[in-house]
Amino acid sequence: MTTTANTTDATTSTLGAVIRAGVVATVAASAATMAVSAAGHAAGVSLDVGGAPIPVTGFGVLTAVFSLIGVAVAALMSRFARRPRRTFVRTTVALTALSLVPDVIADAGVGTKALLMLTHLVAAVIVIPAVARRLAA
């Protein structure tokens, strides 16, 4: 009796899982940052930076752009890093911390700066774990 093993390319399936999870997390994070910014604005927090208002949809668009860049980074790490999950988490946590620097030095009120930083953290809390779970330990 002969048996055949059904093998699949683990890199391809893992990569697909990383991308799918990343896209779903990106949509969720974009919606969440728009909700947070809208709630902040409704509570009286200004969305003006440097005298120009940031539209609520701008939060979602920028969250999507940078989250998808993070998904691309995860895809590269899944292919080339020795420990993709650990490397991704360390890298993205460091990048999240660095993303707060422009908010701190922005030409905006304290409440606006806090709201901007909160949206960065909300996006990171949604996207990083969702993508990291799909990466090999």
Side-chain angles (χ1 to χ4, degrees):
M1 179 164 143
T2 305
T3 60
T4 54
N6 185 7
T7 60
T8 58
D9 185 343
T11 304
T12 303
S13 63
T14 301
L15 182 60
V18 168
I19 292 170
R20 280 189 300 278
V23 168
V24 170
T26 294
V27 171
S30 293
T33 58
M34 287 191 300
V36 167
S37 64
H41 187 61
V45 177
S46 171
L47 298 181
D48 291 359
V49 176
I54 302 171
V56 170
T57 55
F59 285 87
V61 170
L62 286 176
T63 298
V65 168
F66 287 103
S67 295
L68 290 174
I69 290 171
V71 172
V73 168
L76 289 170
M77 288 180 179
S78 75
R79 176 94 168 110
F80 298 110
R82 183 181 311 161
R83 294 186 181 140
R85 183 181 301 158
R86 188 173 107 185
T87 305
F88 176 76
V89 169
R90 286 183 176 185
T91 301
T92 53
V93 167
L95 290 173
T96 300
L98 287 173
S99 78
L100 301 176
V101 173
D103 297 339
V104 171
I105 63 175
D107 180 18
V110 173
T112 303
K113 291 178 181 186
L115 183 63
L116 290 170
M117 289 187 277
L118 177 61
T119 60
H120 288 218
L121 297 175
V122 165
V125 164
I126 293 170
V127 176
I128 294 171
V131 173
R133 277 192 299 269
R134 301 301 187 263
L135 292 168

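All values below were derived from every heavy atom in this structure, side-chain atoms included, with hydrogens, water molecules and symmetry-related copies excluded.
Cluster annotation: Val93 and Val18 are assigned to the same hydrophobic cluster (Ile/Leu/Val/Met/Phe/Trp/Tyr, side-chain heavy-atom contacts under 4.5 Å, transitive). Val127 and Leu95 fall into different hydrophobic clusters, where Ile, Leu, Val, Met, Phe, Trp and Tyr side chains are chained together by heavy-atom contacts under 4.5 Å. Following chains of ILVMFWY side-chain contacts shorter than 4.5 Å, one cannot reach Val27 starting from Leu62, and the two form parts of different hydrophobic clusters.
In terms of heavy-atom proximity, Gly70 sits nearest to Phe88 at O-CE1, 3.5 Å. Contact detail for Arg85 and Ala132: the closest heavy-atom pair is NE-O, 3.0 Å. For the pair Ile126 and Ala25, the tightest heavy-atom approach, listed with the atom from each and the gap, is CG2-O, 3.7 Å. Heavy atoms only, all atoms of each residue included: Ala136 and Pro84 are closest at O-CD, 3.5 Å.
Note that OG1 of Thr87 is 12.5 Å distant from CG of Leu76, once rounded to the nearest 0.5 Å.
Without hydrogens or angle criteria, Ser78 side chain to Ala75 main chain gives a donor-acceptor distance under 3.5 Å.
Applying side-chain contact (heavy atoms from CB on, under 4.5 Å) to Met77 and the options Thr91, Val131, Thr92 leaves one that passes, Thr91.
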Kindly determine whether Phe59 and Val36 satisfy side chain to side chain contact (heavy atoms under 4.5 Å, CB included), including the steps that lead there. CA-CA 9 Å; Phe59 285 87; Val36 167; over 6 Å; no
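Every side chain to side chain donor-acceptor pair (under 3.5 Å) that Thr63 has, sequence neighbours left out, goes to Thr33. The side chain to side chain donor-acceptor pair (under 3.5 Å) test applied to Ser30 returns no partner, not counting sequence neighbours.
In this structure, the side chains of Val23 and Val71 stay at 4.5 Å or more apart for every pair of heavy atoms.
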Just distance, no hydrogens or angles: give the donor-acceptor pairs under 3.5 Å from side chains in residues 106-125, sequence neighbours left out.
residue	atom	partner	partner atom	Å
Thr112	OG1	Ser46	O	2.6
Lys113	NZ	Val104	O	2.9
Lys113	NZ	Ala106	O	3.4
Thr119	OG1	Leu116	O	2.7
His120	ND1	Ser99	O	3.3
His120	ND1	Ser99	OG	2.8
His120	NE2	Asp103	OD2	3.3

